2 protein chains.
Amino acid sequence: MLQRPTIKDVARRANVSLSTVSLVLNNKGKVSPKTREKVERVIRELGYYPTSSARGLALRKSGNIGFILSYDHFTQTEPFYTKIFLGAEFEAQNHNYYILLTTVRKEYNPSNSIPRFLQERNVDGVLIAGQVNTKLIEYIDSLSIPVVMIDFTLKNHKHSTVLMNNYQGAQLAVEHLLKLQHRKIGYIGGDLAHPSINERFQGYRYALQQAGIIPDEAWISVSQEDTKIHNGYNAVKDMLHSTKSMPTALIVANDAMAIGCLQFLQESNIRVPDEIALIGFDNVEKSYSVQPSLTTIDVNKYAMGEIAVRTLVECIPKECHQVTHIRIPVSLVVRESTEKSVVSIGA
Amino acid sequence: MLQRPTIKDVARRANVSLSTVSLVLNNKGKVSPKTREKVERVIRELGYYPTSSARGLALRKSGNIGFILSYDHFTQTEPFYTKIFLGAEFEAQNHNYYILLTTVRKEYNPSNSIPRFLQERNVDGVLIAGQVNTKLIEYIDSLSIPVVMIDFTLKNHKHSTVLMNNYQGAQLAVEHLLKLQHRKIGYIGGDLAHPSINERFQGYRYALQQAGIIPDEAWISVSQEDTKIHNGYNAVKDMLHSTKSMPTALIVANDAMAIGCLQFLQESNIRVPDEIALIGFDNVEKSYSVQPSLTTIDVNKYAMGEIAVRTLVECIPKECHQVTHIRIPVSLVVRESTEKSVVSIGA
DNA sequence: GCTAGTTGTCGAAGCGCTTCGATAGAATGG
DNA sequence: CCATTCTATCGAAGCGCTTCGACAACTAGC
């Protein structure tokens with residue numbers, strides 16, 4: 001690294017002491033407008049930037065935020081977590097934090113699963129995005145470093161979270177379908193152990209109930225173990241084979257499953273949306289390239305990352321272990337799978 | 001952050017001086033096996049880890065590597081750069097470096113396009129993945145920080161690079177087709193200004209020439225301005241409308257274009273691979289989910305990231321400005337678009 | 001037995017910053 | 001006009017680490 005101006009150089013050139021420069025730098029203590037102005041000018045002239053190691057050493061802070069992501073989540077095609085990360089990165093810059101990103105494997109193994117930035121305590125706070133091993137979370141707790149979890153939560157709710165508002169999403173979906181005169185509204189989901197999936201299902205039930213509609217239980221499928229494409233495929237298949245009265249609309253726990261449903265319906269020559277309307281969840285990239293394009297629930301991923309960082313950095317100076325739970329509002333993206341007249345956006 | 005043991009604590013407990021502990025820590029100087037052993041034991045007992053700010057301050061090194069990515073590249077669906085990043089992250093850990101990831105926009109704007117880690121000189125080296133603005137690269141050069149570029153290069157070749165071996169890829173494609181008895185082998189590409197695309201084209205020409213085959217120029221299309229799906233679509237369309245004699249096989253500059261080709265061929269009821277065989281480049285996720293699945297050229301993205309880090313960290317201590325150009329070997333992934341009998345792997 | 005070298009250890013200075021307590025000087029009040 | 005308070009500034013210590021030069025304690029050579 002090149003020789004750069006230090007705070008000393010600034011002090012000398014501005015004819016003030018080191019401490020004064022430091023005070024200006026940090027907007028602390030009393031500094032006369034005149035000296036402040038002078039110091040700031042010199043800083044600009046010299047192109048001075050404080051060295052983060054030095055500052056970190058003095059403050060006993062690292063200036064870093066750790067971002068932990070499950071390996072599988074990060075490498076998946078859908079850039080869901082990538083966007084969350086970008087939102088976080090952006091906001092971290094605003095707060096003068098660097099983000100140290102690391103991925104962890106599902107299987108926990110103390111020797112290689114503990115991110116180095118934790119061992120070295122080189123972060124002032126930690127963001128956890130998506131599902132990671134509980135052991136790891138316990139380890140982090142033991143360090144008493146502030147944590148915010150994104151798109152994931154534990155049953156104990158001991159940690160601050162930033163989650164998408166799945167209830168609202170289900171509500172929007174139901175309302176949309178009601179407005180289109182649907183009354184026979186089914187639900188297809190899986191893996192109720194997953195908090196988000198579970199909430200979507202609860203939201204669906206609740207919204208229908210609010211509307212005074214009692215769905216035929218045959219239109220509700222939540223026994224699939226996972227939420228992949230084939231689970232959706234199999235779920236509709238089973239549902240339609242086991243009941244004569246078809247629903248006119250289906251709310252599906254996520255887009256992947258919805259796309260699976262779509263596949264089966266098309267193979268069965270059931271027209272979407274004419275015979276069955278379909279709403280997914282997540283607004284994945286593929287949801288607008290399928291035919292017909294998929295109506296779905298969207299959430300601002302960048303916002304999730306941003307808000308998580310904001311929550312975290314508020315927490316850091318106070319060393320607070322106060323927990324905050326934030327729900328990010330979602331929105332309905334109307335496409336062809338519910339409204340025939342809609343012009344395709346993608347494809 | 002919790003109160004952690006410092007080097008002082010270790011020294012006290014091991015009955016040696018600070019300097020001795022430091023020497024042990026860094027494997028420097030002469031330390032008797034006995035003291036070394038003793039110090040190491042105490043380090044383990046205390047769970048001591050050196051604080052990176054302190055070390056950074058003393059060494060005038062940050063222990064960080066900057067990773068610069070164009071915003072568009074990172075957010076795209078295909079996790080190409082994500083994988084490169086992960087490979088880099090992994091290798092960085094092995095060298096005790098942290099990676100600071102940042103994305104930059106295409107449009108250069110000094111006030112917000114210069115990553116903070118550069119302004120603050122908080123990195124010991126920089127990785128640049130994919131195409132970024134030349135202005136930014138010039139800025140980095142002006143800091144004289146070691147740089148390695150991944151999957152991108154400038155015409156001046158002043159920087160170390162880690163690139164995929166596009167020539168070899170084209171060669172493999174041609175050889176594969178020759179083995180399948182194809183002799184009428186065409187090429188579809190676009191944007192020859194892009195180094196990789198250009199090399200693929202050169203590789204194609206060269207390999208055919210080596211085989212003593214002179215392709216009909218009507219089977220070569222390189223006038224498309226970009227390499228997106230529709231460019232591929234339009235390119236075959238134009239080609240097949242303008243010539244009577246069809247090629248029996250096409251090598252396409254990347255999978256996106258190849259998929260565009262596939263679309264047009266299917267719409268025109270031209271059977272793939274029976275009438276025209278197709279080979280893409282990049283092995284994108286979609287290439288195995290299309291029907292028929294696409295034969296393509298694959299490169300180990302993780303390896304690219306890993307090797308880039310290795311190249312960079314070798315460079316850092318020497319402050320060397322020596323440039324190394326590394327080509328990552330590619331491999332052929334045979335799927336249905338060239339061999340009818342192949343069983344589909346994906347889908 | 002003395003010099004010359006070698007080896008292992010240590011003390012102190014220094015990296016660039018923050019911050020506490022001290023201190024001049026200005027402003028205020030009686 | 002002096003005592004008191006307030007304001008702006010500064011010096012020095014300290015954050016946790018590395019490293020250079022010093023120095024005892026050995027070893028080897030003659």
Side-chain angles (χ1 to χ4, degrees), chain A residues 1-40 42-43 46-64 96 119-124 316-317, chain B residues 1-40 42-43 46-64 96 119-124 316-317:
Chain A
M1 279 193 288
L2 214 56
Q3 200 54 27
R4 313 197 290 124
T6 74
I7 199 172
K8 223 175 186 169
D9 300 317
V10 176
R12 190 166 22 223
R13 181 136 167 192
N15 262 312
V16 295
S17 73
L18 290 196
S19 356
T20 305
V21 178
S22 175
L23 292 178
V24 170
L25 239 36
N26 299 289
N27 276 310
K28 271 189 182 167
K30 305 275 171 190
V31 180
S32 77
K34 216 175 51 196
T35 18
R36 149 157 289 122
E37 154 64 30
K38 185 173 52 177
V39 170
E40 281 171 347
V42 174
I43 287 179
L46 258 43
Y48 167 78
Y49 274 95
T51 303
S52 43
S53 332
R55 176 174 261 177
L57 182 55
L59 292 177
R60 257 147 305 172
K61 290 219 168 292
S62 67
N64 299 327
N96 281 327
Q119 308 201 123
E120 300 186 350
R121 285 308 186 291
N122 194 21
V123 291
D124 303 333
I316 290 173
Chain B
M1 277 192 289
L2 214 55
Q3 199 54 27
R4 312 196 291 124
T6 73
I7 198 172
K8 223 173 183 170
D9 301 315
V10 175
R12 191 167 21 226
R13 182 136 168 192
N15 263 312
V16 295
S17 73
L18 291 196
S19 355
T20 306
V21 178
S22 175
L23 293 178
V24 171
L25 239 36
N26 298 289
N27 276 311
K28 272 189 183 167
K30 303 276 172 193
V31 179
S32 76
K34 214 174 55 200
T35 16
R36 149 158 289 123
E37 154 65 28
K38 186 173 53 178
V39 170
E40 281 171 346
V42 174
I43 288 179
L46 258 43
Y48 168 77
Y49 274 96
T51 304
S52 42
S53 329
R55 177 172 261 177
L57 182 55
L59 291 176
R60 257 147 307 173
K61 289 220 167 296
S62 65
N64 299 327
N96 282 326
Q119 308 201 122
E120 301 186 351
R121 285 310 185 291
N122 194 21
V123 290
D124 303 332
I316 291 173

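Small disclaimer: the values here were computed from a predicted structure and weren't measured.
- The two atoms that bring Val31(B) and Arg36(B) nearest to each other are CG1-N, 3.8 Å, heavy atoms only.
- A donor-acceptor pair under 3.5 Å is formed between the side chain of Arg4(A) and the backbone N or O of Glu120(B).
- A donor-acceptor pair shorter than 3.5 Å can be found between the side chains of Ser17(A) and Thr20(A).
- Between Lys30(B) and Leu57(B), the residue anchored nearer the 5' end of DNA chain C, judged by the nucleotide with its closest heavy atom, is Lys30(B).
- Rounded to whole angstrom, the span from the CZ atom of Arg55(A) across to the P atom of dT18(C) amounts to 5 Å.
- Considering only side-chain N and O atoms, Ser22(A) lies under 4.0 angstrom from the phosphate OP1 or OP2 of dT18(C).
- Asp124(A) places no side-chain N or O within donor-acceptor distance of the main-chain N or O of Lys61(A), the cut-off being under 3.5 Å.
- Here Val21(B) lies out of heavy-atom contact (under 4.0 Å) with every strand.
- Ser19(A) comes within contact range of at least one nucleobase, with a heavy-atom separation under 4.0 Å.
- Proximity of Arg60(B) to the phosphate of dG16(C): no side-chain N or O atom is located under 4.0 Å from OP1 or OP2.
- We find that CG of Asp9(A) is positioned 11 Å from P of dC15(C), with the value rounded to whole Å.
- At least one side-chain nitrogen or oxygen of Thr20(B) sits closer than 4.0 Å to the OP1 or OP2 atom of dC10(C).
- Here the P atom of nucleotide dC20(C) and the CG atom of Leu59(A) are 11 Å apart, to the nearest Å.
- Atom-to-atom, CG of Leu25(A) to P of dG16(C) comes out at 15 Å; the value is rounded to the nearest Å.
- Neither side chain, Ser53(B) nor Thr51(B), offers a donor N or O lying under 3.5 Å from an acceptor on the other.
- Taking 4.0 angstrom as the limit, Ser17(B) places a side-chain polar atom (N or O) nearer than this to OP1 or OP2 of dC10(C).
- Checked against dC10(C), dG16(D), dG14(D), the side chain of Thr51(B) finds its nearest nucleotide in dG16(D).
- Straight-line distance from the CG atom of Asn122(B) to the C1' atom of dC17(C): 14 Å, rounded to whole Å.
- For the pair Arg36(B) CZ and dT7(C) P, the interatomic distance rounds to 15 Å; values are reported in whole Å.
- Within the structure, a side-chain polar atom (N or O) of Tyr48(A) is placed less than 4.0 Å from OP1 or OP2 of dC17(C).
- Rounding to whole angstrom units, CG of residue Leu23(A) and P of dC10(D) are separated by 10 Å.
- Between Leu18(A) and Ser32(A), it is Ser32(A) whose nearest contact on DNA chain D lies nearer the 5' terminus.
- If you check every strand for non-hydrogen atoms under 4.0 Å, Thr35(A) touches sugar and phosphate atoms only.
- If you measure from atom CG of Asn27(B) to atom P of dT18(D), you get 12 Å, rounded to the nearest angstrom.
- Candidate nucleotides dT18(C), dC10(D), dC17(C) were compared by shortest atom distance to the side chain of Asn26(A), and dT18(C) ranks first.
- For the pair Lys28(B) and dT18(D), the criterion of a side-chain N or O lying under 4.0 Å from OP1 or OP2 is not met.
- In this structure, Ala54(B) and Leu57(A) approach most closely via the heavy-atom pair CB-CD1, 3.7 Å.
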